[in-house]
Structure formats: C-alpha cells, structure tokens
Amino acid sequence: MNQPSIQADIQAGVRADDGIEKGGLLLQVDNISLSFGGVKAISNISFDVKKGEIRAIIGPNGAGKTSMLNVINGFYHPQEGKITFRGKERISMRPHEAVGQGIARTFQNVALFKGMSTLDNIMTGRSELMKKNMFWQMLWHGPALSEEVEHRTRVEDIIDFLEIQHIRRTPVGNLPYGLQKRVELGRALAMEPSLLLLDEPMAGMNLEEKEDMSRFIIEVNQQFGTTIALIEHDMGVVMDLSDRIVVLDYGKKIADGAPEEVRNNQDVIDAYLGVPH
Amino acid sequence: MLYRITGQFKTNYRSDYALFPVRQDMFLLAVILFFAWVVFPLMASEFAFQTLLIPVLIYALAALGLNILTGYAGQLSLGTGAFMGVGAYACYKLVTIFPDLNLMLAIGFSGLFSAAIGLAFGLPSLRIKGFYLAIATLAAQFFLVWLFEKWSWLYNYNASGAIQVPTIDMFGITVSGPTASSMVQYYFVLFIVSVITILAINITRGRIGRMWKAVRDMDIAAELVGINLLRAKLIAFGVSSYIVGVSGALFVFLWRGAAEPNLFDIPLSFRILFIAIIGGLGSILGNFLGAILIIALPVILNIIPEAFGVEVDSSLLEHINIMIIGALIIAVLIIEPHGLARIWAVIREKLIIWPFPH
Amino acid sequence: MTQAPTPTNETKAAGSILSVNNIEVIYDHVILVLKGVSLNVEKGGIVALLGANGAGKTTTLKAISNLLHAERGEVTKGTILFEGNEVQSLSPNELVRRGCIQVMEGRRCFGHLTIEDNLLAGSYTRRDGNAAIKRDLELVYEYFPRLRERRSSQAGYTSGGEQQMTAIGRALMSKPKMILLDEPSMGLAPQLQEEIFEIVRKLNEQEGVSFLLAEQNTNIALRYATYGYILESGRIVLDGVAADLRENEDVKEFYLGVGGEGRRSFRDVKHYKRRKRWLA
Amino acid sequence: SAQESIYAPNLSYRTGPFAATGIPLMNGQRDYIMMLNERDGGVNGVKIDFDECETGYSTEKGVECYEKTKSKAVVTQPWSTGITLQVLPKTNVDKIPILAPGYGFSPMSDGKVFQWAFNPPASYWDGASMMLNYISEGDLDSLKGKKVALLHLDHPFGKEPIPLFETLAEKHGFEFLPIPVGLKEMQNQSSQWLQVRREKPDFVLMWGWGAMNAGAITEAIKTRYPMDQFIGIWWSGHDGDLQAVGEKGKGYKSISWSVPMNDAPVMADVKKYVVDAGNSLLDKPEDMDTVFYQRGLLISMILVEGIRAAQNEFDTKVVTAEQLRWGLENLKIDDARIAELGMTGMVAPFSTSCADHTGHSGAWMLEWDGTKFVPASDMLTADQSVIKPLEAAKAAEYATANAPWPVNEDCKM
Amino acid sequence: MDVLHKILVAPFIDMAAAPDFLMQVLWEGLVSGVLYALIALGFVLIYKSSRIFNFAQGIMVVFAALTLVGLHEKGVPALLAVPLTLVVMFVLAVAIERVVLRPLVNQPDVILFMATIGITLFLIGFGEMIFGGENKVMITEQLMIPTGAYTFEPFGGFLLIEQKDLTAVVGAGILVLVLLVFLNRSKMGRAIRALGDDHQAALSVGISLSTIWVLVWFIAGIIALATGIVWGARAGVSFALEVIAFKALPVLMLGGLESVTGAIVGGLAIGVLEKLFEIYWGQPLMGGNTETWFAFVFALIILLFRPQGLFGEKIIERV
Ligand SMILES: Nc1ncnc2c1ncn2[C@@H]1O[C@H](COP(=O)(O)OP(=O)(O)OP(=O)(O)O)[C@@H](O)[C@H]1O
Ligand SMILES: Nc1ncnc2c1ncn2[C@@H]1O[C@H](COP(=O)(O)OP(=O)(O)OP(=O)(O)O)[C@@H](O)[C@H]1O
Ligand SMILES: [Mg+2]
Ligand SMILES: [Mg+2]
C-alpha cells in the first residue's frame, strides 16, 4: 500500500486557486434573515470567515446555528441578505452547486449513507471529481479503473489519516456514533473543500475521542490550509480550537470575537454558558 | 475452513478491484458458469428449457433492471411490466419494419425505446418520493398497457390485438419463431444476460453505482455532498428501463413467441418485484437466486406430486401453491429482510470463520 | 469467561432495582457485541455506564429495555432482572408499564407530531387520569421552557437540542421508577447539560427514580452518579463508587482529561498512539 | 393399465378472477369423461386419462401446462384466447391438435392455414352473425340506420367479433359502436352504461367473461336498458351471473350453441355414474342443471367423438395426436349420432372437414326467465357467405405475417 | 382547429345540452368515488399507524365479503353473520400481527410492503380453497339494505338514484366521521400517529405495537367488510373483486397516504373527474376505457405540485 503522503495529496487537491491570501476574506454573510412560517430562525445576521481560520459558531439550542450552515451551503434559501463566497456573490443555489464551489460539511444528525461501507461513503465524496462517463464505467477495465484507483489512493490516505482503517469495509449503519462522525468528516475531506462546515463534530464522544477529533481538525486546518467553520457545545473544545467565535442567540448575533472576549462577555454567559468557562 | 480468505493478500488497489477478489468465489462462479454454459444445455429437456432455464434467465434480467432502480437508486417502481412491454413492442416494430435486421441488434435497440420512456417517467422522481413515486409509476404501467391495447399501429393492425413473433434467422440458424430450437434460444438469452450482468456489475461498483446508493440511502445528504440528484436518478431510470426493455424483448421473442397487451400488466410487474426483493435489493446475484425461487419453484412444486404418483386435484394444488409462495415470501423476509443474497453472504461469512461460531 | 472485577455478579441484592447478569448480545446472528456484561443498579441509585464509542453502552441499554429485537439483535446468554423479575420475555411496553423506560440515543422524536404530542405520547401507559398527566406536562415545560415556546411545532423541524429535550421530557411523562438515559447531554448547550443532570438529581432525590446513564461526558456523569461502570469492547473493565472512579488515575487520564498537571488543552494533543487499554 | 389409455389433459382454470365461469365448464368436461370411463370403460374400450392442469386463466401458466403435457397428450384444450394464440404456432411444430370449442381465433376455422386448430361447433363470428340475424329477424337490411353496440372485454377475446361487425355494418348500413370494458373496470361499469344511456343503441350485444357479465347485467337493470334488446355471447349466459339479479334479469338473452336439457339421457347417465357415485367435483347435484355444466359435457363429447373417429379410421385403440387431428377434421355429428349419444336437442348437428375446422353449427337464443335459462328461439344459423371470405382473408393475413407458415395446399374447399 | 374544438368546446356543449345526463354522470362519479374512498380508508389507517403500505386491503375486502356470504349460505342468519364475520376479521388481524408484522418490526418500508403482498397471495390461495372460486351473491336484502331506486326528472330529463348507492354514501360518511374522531381525539389516535413515525421509539416509550397493530388491522377489516358489502351488492362477490384495490391507489396518491380526509376528498375527486373525463373526452375521442389510467395520471400531475398529496404529511427534510 502506498505510504500516506496526506499533506501533498490533500494540499494538491484543495481548490486553492481562489487567489485569496491566508487571512483574506473567504466568506461574507450579510444581513441574513430566515424564517419558517412564524418562527424566525435567523434575523439579520452578518459575519465573515477568513481564509485559513477556525471559526466557531455557538449559541443555545435552537439559536439558528444549524440553519446558518444550511444557508451557507445552499440548503435553505434566506428571505433576505446575501452571501459572498470567494468574492462571488450569490443569490440562491442548489447544494450540489455549493459543493462544486468548494464547500463541504458534516451534519448534526449523522447523515451517512447507511447501506454503504466506510470506504464507499468516503468515495462518494469524490463523485464530482471523477469524470469518466457511463460508457467507461460499464467497461470498467481501462480508464475507469485507473480513475478509480487514483481516487481510491486519495481516499485511503484520508482513511489512514483518520485512523479508521479497521472499519474500511464495515457498513456504516451499524457503526458506533463516534465513528460515524469520523467517517462523515472523512467524506467531507474527500471533497477537498476550501471551506469545511462542521456541525457538532464532537457530540456524543468521550474525551479521548474528542481529543482525536480536535487533532484531526487542527491538522486539516494547519497543514492543508482548509478554512473551518464549526458548531460545538463543548466549550473546552471551542475555546481551545477556534480563532474567532460568533455567538447566536435565538436568531440574533450577540457577540463576535476572539475566545477570551467571548468567554467573558456577560451576554454570552447569561444566554449560553451559565458559568464562565 | 472451506472459505479461508486469510492469506489472500492484495498488494495493490487494482487487484482489489478484480471482479472476485476471493479465490473461492471465483471457483464457485466458474462451476456455475460451467453448468450454465455446458451441463444444463446438454442435459435439459425441452420442458426444462421452456419452463425453467430460459424464463429464469429472462426474469432474472428483468429483475436486475428493476434492482438497479429500486435496490441501488432507491426508487421503488411498480411499472416494470409495462417497460418490458415497451421493449417487446419496439422490437416487434423493428423486426417487422426492417425484416433483415439482426435480432441481437434489434433487441439492443429496443432497449433504447424503453430507456427513453423510462427517462420521461423518471422526471417526476425529483419531487415525488417513496410510495408516492411507486404509485406514480403505476401511471406508467396502466397508461402504457392501455396504449398497447389502443394503438393498433403497434401490433400492425392485427385483429386480435396480439403480436406474434416471426421466424427470424441469424447466421443461418433460426433463433425465434415456432421452429427455433430451445437450445439455440437458451444460448442466445444466456449470452445477452451474461453480457448485461457483467456491465451491470461494473456500473454498480464504480462512481455511478455509489451515486445511486447515496441517493437511495439519504437523498438530502447526497445532494449536500455534491451529487446532482436529478442526473443520478435519471441515469438510474434510463439504465434500468434499458435492461428491462431488453428483457421484455427477450421475453416475447426468445421465449413466449406471442404476446397480448395485458401480458404486461401489473401481475408481471409484481412478479419481477418479488424476484428483486426476495433475491435481495441492491444485489446482482440476488436477482438470479430470486428468479430461481419465484419462477422455478412453482413449476417444481407442480410436478412434485406427479413425480411421486400422488393424484392431487389440480385446483387444490394451485391453491396450495399460491399459499406456499405467499408464505415463502413472508418467511424469507422474516428470516432475512435483505433477501437470499444476504442469506448467502451470511453463510459465506460463517464458512469463512468456520469452525468458530463468531 | 470474564475475570473482570464485577462484585455484582450474580447478586440479587435486596436493594437492587435492576441487575444484569453476564449477558451476551449478538447482532445479525454473527456479530458478538457484549461478551458477558454484569451490572447492578440499587434502588434510588444513579449509575453511570462509561466507555468509548462502540464499547456497547447503547447495546446494553437496549438489551435491558428489550429493544434489541427490532434491530435483529438478541441476548443469547445471561439474565436481566428488573425489581427481581426476569424481563427478557416481556414486551417493551410491559416494561414501561412496570416503570422502566429508556431515552434512546439520537433523539428519535416522532417527527410529524408536535412537541406537545410527543410529550403526551410518553404518557401512553399511564392510567392515573388526565389531570395528573396535565400536571406532569406542566412540570416538563418548567424544566424545559424552550419546549413550551415550541409546543405546537412539528418535532421534525425543531433543532437538535430541542429534540433532545423532547426525548427526555417524553420519558419523564411516563412517570417511571427507573430511566435508562442514553447520552442525555448530547447536543445540548453547556448550561442545559448541567440542568439536565440537576433534573436527574431532583427526580432521584424527590421521587426516588433510579437512573442508568450511558454518558460520554464523564466529568458530569461522575459528579452526579453514585456508582460507575466502565465498558470496553463489550466487557466491564472497571467499576466502583463514583467518587473513587474520579480519583482513579486511568479514568483521570482517559476520561476526564486531567493528567498530572491539570487540564490539557485540546490544541496540545499530540499525534501519538496512546491506546492503552485495560484488557491488553 | 397405463399404456391402454389416452391422455387428454385440460388446461383448466378453477382459480383466479375468472374461476366463477371456469368451474362449471371444467366440471362438465370432467364428468362426461368420467361417465364414459365408468359406463363404457372408456372409448372403444380404452380409458381416457383426463387430467387437469391449472392455469388460473394466466397465459404464462397455460404455456407452462402446454409444455408439460405436450409430450404425452393427444390434444391441447387451452381454454383462453391468450393461451390459444400463444400455442398456435407451436402446434405446427409439436404436431398436436388444439381443441377450442366455441372460442379462440375465428379464422382458425380455415383448416388449410390452421391445420392443428379446431373450434367446433361454432366460432365467435358465427355467434355474431346469428345474433344479428336474430335481432333483424333474418333481414339485416332492416337494421339500416339502427345502432348496435358491442359491450366487450378490452382483451383479444372481446375484440374477436369486431371485424365481422364492421364488415356487416358497412354492408347493411347500421351503426356499430364498440364499448370496451377494461379488466379492472369489470366490477364497475357505470361509465360504459352511461355511454349506453347517452348513445341509446337499439341493441347491446355483449362479449363478456367472468365478473364482467354480472357487472353488466346489474348496470343494465339499473340504467333501465330494455332487457330484450340485450344479448350476450354464449360465454355471457352463465346461470351464476344472472342469479344475482334474479327476476330483474328477466328477458336477458344469450346466444348459445348448447341447450340445457336436464332430462336428456346423457344427464341421467352422468348423474348415475358420476354425481351420485360421489365422483363429481360439483358442489351440489342441482348444479348439473346449468347451461355451463352441460356445455362442458358437450365439449368433452366433441373431443371423444374425434377420438372415436380416429380409432375407427386408423383401426387402433390408443390414438396419437396426429391421428386425433384427422378425427377432429372428420367429425360427423348428425342428428342420429346426437340421439345415440343421448343428447338430442342439446346441440345442433355439424360436421368438420379439412377446410372447415369449425363446423359452423346453428345455435339458439336462451332467455333468462328469472330463475333459469330457457330456449327462446328456433335454431339460428350464421351467414357463411360473409364469414367464409373474411375467414380466408384473415387467415391468409396471419399466414403472411408469420411467414414462413405451413399451409396445407392439398386441402380442397 | 377542429381538434381543439373537439377537445375544448364540444364536451362542454354536450354537458349543457343534457343537464340531466350530466347530473347522472356526476352522481355515478360520486358513488364510485365513495367506493374508492372506502378502500383507500383501509390503506390510510394502516399506513398511518405503521408506514405499511398494505397491499392486502383488496383481498381483505374479498375475504370479508366471502366470509359473510359463506356463513349465510351455511344457514347463519344475516344479522348474526355480520358479527361472526367481524370475529373472523379479528382473528385474521391477530394472526397477521403475530406471524408477519411482529417479526418484521422496524424493517424498511419496501420489505413490509412486500410482506403484505405475501399476505395477499396467501389469502387468495386460502380463500379459494375454503370458499371456492364461484361467484356468490351478496345478501343485500337480508342485510336490510334497500334496493329500490328514486327517480327524478330534472330539466325534463331523468335522474336515477339507487337506494343502495345512497346507503353506501351515508354509511361511508358515518364511518369516516367515527374514524376521524377516533384518530384525532383519542389517546390511541396519538399513539397510532407516533408509531407511524418511528417504530422503535414508539416501543421505547411503552406504546404497545401489538395492541395497536391488531386494533388497526381489525378496523381495516371492518372497513373491508363494509367495502365488500357495497361492492358485492353492485357486482357480486368473487375473487375478481380483488383488483379494485388498484382503484384506491391514485386516491391515496391524491389525498395523501396518511390522511383520512384525503382519502375521502381524493376518492370523490377522482370518482367524479374520471367519470367526466371518460364520458366527455375518453369515449368520444380516445376509444374509451380511459378509467384504467386517468386517475393515476391526474394524481401524478397534482403530485408534481404537492409531492405529499393534497392532505398528506409533508415529508420532513432537515439536516
Ligand atoms: N444493529 C447492529 N447490527 C450490527 N452491529 C451493531 C448494531 N448496533 C451496534 N452494533 C455494533 O455493536 C457495537 C457496540 O455498539 P453500541 O452502539 O452499543 O456502542 P456505544 O457504546 O453505545 O457507542 P457510542 O458511544 O458511539 O454510542 C459497535 O461495534 C457497533 O458496530
Ligand atoms: N425547516 C424548518 N422548518 C421549521 N422550523 C425550523 C426549520 N429548521 C429550523 N427550524 C427552527 O429554527 C430554529 C433554529 O434551528 P437550528 O437547527 O438552526 O438550531 P441550532 O442552533 O442548530 O440548535 P441546536 O444546538 O439545538 O442544534 C429552531 O427553533 C427550529 O425549530
Ligand atoms: Mg443544530
Ligand atoms: Mg451509544
């Protein structure tokens, strides 16, 4: 088996040619409002994500965090506001188009393809990067196989990186929750995103696993320069990992800044933390 | 340890992608193919050809088509019979308009017609899901059968409204029509079924197959990882209807010899659905196992009492037969909802770790 | 077969409400998941079941509440006693009627029902009249004011945390004697996590409800629990009074994240294989 | 003993959606043979091994039965137009006669083209012609300007008479209106009868089967369509279908080439040797007195007479399929023979030949009197001058469409 | 132009020309609609409570009707035969729950659907073995269902309304009201809806699957009996009746799989529209017999705009 050379591989794959410097503006969310019938999930929120940073979104349950991610990757269409990603403003797009632009994500309620193995799940992340058409697929031997092997190599690197070799062939439906989350991260990484959205990646994990997960996140961020936006309720993780934090409270933004500022912000403590962390 | 797989290491990904990475599977397949290509044709009687071998292959092919749509792409369809009809009528028109057309080609082309219609009826699948879609496919089922009945051009204005297969030669050998020999027909069918099966295996294990399975398992998530749902579903409808159409053409041209519109009605669709589900959704092997169970078993049940010289009232026998099939369907589902293919997989697992229980 | 130090093995202590004796669970006829698990919950106790992902916590809880067979799993060995009676042959609803209810992992709300209907569905087995049910409903709303706000929304559309609250509230509505909580704090805001455990304590003290909780947040779990078990790969590897466990060096290292020199930062975790296991 | 018998299977349907009409027919067929085997020890001393293979009216099962029985059988009795169409080309190769009394493909009458198929004593076109003769009192021109509706099952069986009706409508200037009934609409024909109400046809002729008959008659009564202008083909004259409406169905007619004669000698023999002996599958003995049961007897009679003719011609006891073909081609069922068989009045005399595989016998109108069917007309005959050319044309069409198709050129008209 | 005239104008002229006939068409459509709705109701109830798409509803109708008539033939008085039939339907419900549903709890929808087809086959074989395949006559009069007819003469034409159709309409109405009350007002109703969402979660909160399933299948059995009586009164009782199950499917699609109201509204809409289409468009322009597919195509078109049918529960899409 090839020796994993994650760095080279994943780095090469990142759609890095967006011409944005590290620290430049990658994503800008302007005055977004979203409501469902009577429920106002998001009201008039703006924030930005800089290239290369880890950005956390926190807030009490039902604050609109997941909805925010859904807006960013095109699953929800906000009633108002606009989103600028890599300098391109967009009104509304289908999720698979957002993926095409380099946005990948994981889900709060694990959304894996239950009937497929870990390997296949991660391989689906590469669907849009594979190009051989149906004709070649049917013949298989030849170009399709070569393409498959090429992408398989990448995926195996991700599997090695996430340390899930042992469950490579297991159908993911029966995996324990924590491993499912890891597979999901693998699938998102396989898309070689420039912006990775993580929705509670550590929920349901014990400390050891959270540490592992943190390690993966940091590594992805530092070594491959992938920008990460993450939602998490474990304050230890959030404070340690993130560069900047935005705090939502029932659809409104109540704070935005570096971890220390947020940690000591009275509004945040009242609305969310309970006690200073 | 009959099924010992330890020690069979793969040194590169390419060999991991061999059709049968495990040696024992390969051996088993070789045995099956040997039987299919050599032993059966030598031993089979006319009756066995006509009621067991040929229909099992054709039904398995139809089920394979359905399985791609339902088992792989997760779109339940109840209209398989009508799409077989499209293939059959298309083939009939082709061979009557171009009498010199090679039958193999004609059958290949007729699949295209049913694929086209399959695509049209697949369009709503982007919005309509689950059982709603299943019932919607019934619209195709009933509309098409009605059309077969009413559009007399399709059956060349026959008084009876039925189509009769003409005698067709290929390379000097009669392959269809009443005088064709069963063995020739069997080989013809076996050849097409083998080729399509291999192509289907390839397509289901690659990128497109994964896209389908993703759509099946969770279509929202599939879209959120970048899969274009409409395209994935339409490809599934197209490929599936193509195969189903081909099987329909084989059904009429290489087996039945004649067809009336309501042959393609709902009972046919259901029988194929049985095969696909009992065999195992999302499995290629399952279609063949299912076809053996659903098509061959009743035939065998029917001749058992006779073979033992027991006189059973034929209607009673039929009642019992129907009950047995019904009970069997339920029993298989209870024992293993994933069908015969999974039962085989479990047996294989057990053989691998045998003699240890876990 | 297990030599794990399980003092509760084969015990049917007078005070125990639940005792699990040496059970073995197999999924799909071939996958052996629990390899002889025994544990015991005292009447009025709060017992924590800890362990890594895939250790078999959820499986243990499902085995107790008889939900396994819906997943093609079965208990092949051992016995489970609730209030001294074997429960394996009971249907899940009979078990609930007798007072043992489970809050399932992953929320599992009834998506098309409103939040309020979800909660009321929890009172299905009760026979003590509408007034009492109404009272408990109010109580749940007091515990989770957010639910009151969203009472008429379809549960399927509510946020993850809201669903988690609903699932817990729904179990409370059955007025149980014993609750099996599977990862109650998952997806909840920190403030709420504390609150949930406060509720657990309150129910435990005031109503005498016993708890068996599978929880990843070891820190909180051991603060509130009276006793703890640690499960690894389908075996109990360590158990003891909660306070003792908190002082155990291994538990500190792997579950609480406090090494010799206080809390580690998540940033400083190094890429090293440190999978020390009790059963090496 | 085993080799001393003639294997004559029947592709029966006692199950499935059409079982209601199938069962009495199958019972009649079976009991006649049982009676012969008991009373006479078979035909000329050879027992007939009568065997049923259940098809449930499914073409697929039918073909399976055909394949299963064809090696030993002397005859195929397919019992459905669909199965008939399917096995028709195969019989040329397998050399086994099809016997389809009163059903199947009308041009099968042309024995030059359909050498192995027989549909005595009358075909659907005969039936259609006789119905028209009856309603026009023998003068088809009197129908000019009138409207004749054909309520039919939307299925090869139901479409069978359409070419003849179209030809005659054109020739005699009446309006022909086909009204199809889908297989799934058999139970609820209100649309079809609304159409009848709107179009006000002078006559409604029916090609119905199974549950369609009862459905149509109920709706006709409801729509208040005059019963005496409503006539069904022989398969629409089943006592069971009319019992549901009883008195209200009075006046409904069905053309029939068989007439129930409860006191015919053959009936007494069947009763004595089979029914009373407990060997019949009938639910209750009274069911003998129905049109379909007795028609079943006649159908078996035709088969047996074919066997008898073959035995005499070839001077053998156990006839082969090819010999039976000759027998069926040389049936001579005249009045004397009918009387010998104890069937006087039950069927009209007819004979077949190599050119005429039908015999084109006459038929009667049976009328429902509220409790049973009774004969209501003199014997009617069909207009062969129209039918014959049409048969020849359609048979030739079939032969060219299915070329190469073997044609018996030796056969003189 | 001519074609357009035939499609867009002529039918309406026909309607206006014979208003009494139009009224008759509407009434017939309405009655058919009620009959479709009755079968659809059985489906809805079972689907709602367990997400089982119960294909066996059609054969249950046949089975119930045959049992009723069969018992009567054996000499049981009609009014006693009805409760006895209900007992049989109850036993059937218990058997189905024990043998089929219980072992299949929590399985995917397709599998359960397939199992109901297995039940259908089994019941066909079993039923024919017991009752035989002959056509039977529904004991309409013995059940004291009036069989006369009212005639009216609107616009100088005539309109005929059969009393047994009227009875069917009224009976179905009452049945629906009772069901609606049961589902929306009772604790059981809530449990039924919960069960439909998630079998396992329902089990975990103590909802008894067995009880509810037996109950629901029993109610479906009662509905089947009612359906069997009204259909049997129209066309006799035989196994051919089984195909009417298909007529309920477009109704479900249109009304929504889990809505009682939907079954009624969908049934009536389809009954009336398909009749209008067949009489004024199908028969004159398309060779007739369009009823085999019209309902499906119509429902399909509606679904394109409302994928869950008119009254069905919205498919929850959230991540
Ligand atoms: N239905 C099933 N079929 C097969 N294997 C299963 C099934 N459910 C669970 N397993 C396996 O059983 C083992 C224990 O799983 P379980 O869910 O009990 O773990 P857990 O301790 O609750 O983990 P987590 O903390 O992630 O929830 C896992 O390895 C899992 O893969
Ligand atoms: N599709 C929808 N339809 C109706 N309401 C919705 C929908 N999606 C979200 N909501 C509502 O919007 C609010 C915000 O939901 P969201 O899932 O974004 O919360 P969250 O911040 O992710 O909370 P949690 O931490 O609990 O996951 C909630 O009250 C939820 O009920
Ligand atoms: Mg969220
Ligand atoms: Mg768990």
Side-chain angles (χ1 to χ4, degrees), chain C residues 61-62 65-73 91-114 116-127 130 133 154-160 163 166-167 169-176 179-180 182, chain E residues 44 47-52 97-98 101-109 111-112 183-215 256-260 262 308-309 311-319:
Chain C
L61 296 194
K62 283 189 182 156
S65 54
N66 264 329
L67 290 173
L68 274 181
H69 103 116
E71 286 191 46
R72 308 190 74 71
S91 64
N93 81 300
E94 182 54 33
L95 206 60
V96 174
R97 206 182 293 279
R98 292 192 186 181
C100 174
I101 195 166
Q102 173 169 12
V103 176
M104 288 174 57
E105 178 182 47
R107 297 151 195 150
R108 306 295 281 270
C109 292
F110 304 120
H112 289 101
L113 268 57
T114 60
E116 182 150 320
D117 274 344
N118 263 279
L119 295 176
L120 288 173
S123 66
Y124 178 79
T125 49
R126 285 174 65 167
R127 295 281 176 271
N130 275 336
I133 292 175
Q154 280 196 326
Y157 288 112
T158 56
S159 83
Q163 293 183 13
T166 309
R170 188 174 66 185
L172 297 184
M173 289 298 293
S174 76
K175 250 195 163 208
I179 304 184
L180 312 170
D182 201 350
Chain E
V44 163
Y47 189 82
K48 201 178 177 72
S49 67
S50 39
R51 290 296 176 274
I52 295 175
E97 195 276 328
R98 272 303 124 80
L101 303 180
R102 192 177 293 182
L104 286 175
V105 65
N106 211 27
Q107 290 302 331
D109 299 349
I111 300 299
L112 289 162
L183 285 175
N184 291 329
R185 293 269 176 275
S186 75
K187 180 165 100 173
M188 205 57 121
R190 186 183 313 116
I192 285 176
R193 289 184 291 141
L195 199 52
D197 268 345
D198 188 334
H199 291 181
Q200 216 185 6
L203 276 175
S204 83
V205 298
I207 293 173
S208 162
L209 248 74
S210 314
T211 318
I212 292 196
W213 276 353
V214 169
L215 180 76
L257 285 168
E258 57 285 272
S259 164
V260 172
Q308 71 277 26
F311 296 90
E313 284 172 352
K314 204 149 177 260
I315 302 155
I316 292 184
E317 296 201 329
R318 219 208 105 114
V319 285

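Model, not experiment: these values are computed from the prediction. What you see below is based on every heavy atom in this structure, not just the backbone, and it leaves out hydrogens, waters and symmetry mates. Protein chains get the first letters and strands the later ones, always in sequence-line order, with residue 1 at the start of each.
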- Query: Are any side-chain N or O atoms of E/D197 and backbone N or O atoms of C/G111, one a donor and one an acceptor, separated by less than 3.5 Å?
  - Reply: yes
Look up atom [atom1] in [X] and atom [atom2] in [Y], then write down how far apart they are to the nearest 0.5 Å.
X      : Y      : atom1 : atom2 : answer
C/F110 : E/I207 : CZ    : CD1   : 4.5 Å
E/N106 : C/L67  : CG    : CG    : 9.5 Å
E/R190 : C/L119 : CZ    : CG    : 10.0 Å
C/L180 : E/S204 : CG    : OG    : 10.0 Å

- Item | chain C contact via E/I212 - which portion, at a heavy-atom distance below 4.5 Å | side chain
- Note on the structure: Okay, E/E258 and chain C: the region with an atom under 4.5 Å from a heavy atom over there is neither
- Task: For each of E/V205, E/T211, E/L195, tally heavy-atom pairs with chain C at distances under 4.5 Å, and name the one with the top tally.
- Result: E/V205
Counting only heavy atoms closer than 4.5 Å, note whether [X] contacts chain E via side chain, backbone, both or neither.
X      : result
C/T158 : backbone
C/Q154 : side chain
C/A171 : neither

- Message: Looking at C/N130, I want to see if its CG is surrounded by more than 12 non-hydrogen atoms of other residues, nucleotides or ligands under 6.0 Å.
- Response: no
- Task: State, with a plain yes or no, whether a side-chain heavy atom of E/R193 is found less than 4.5 Å away from one of C/H112.
- Result: no
- Message: What I'd like to find out is whether the side chain of E/V105 reaches to under 4.5 Å of the side chain of C/H69, using heavy atoms alone.
- Response: yes
- C/D117, C/T125, C/N66: which one forms the most heavy-atom pairs within less than 4.5 Å of chain E? C/D117
- From the list C/E71, C/R97, C/E94, the residue making the most non-hydrogen contacts under 4.5 Å with chain E is C/E71
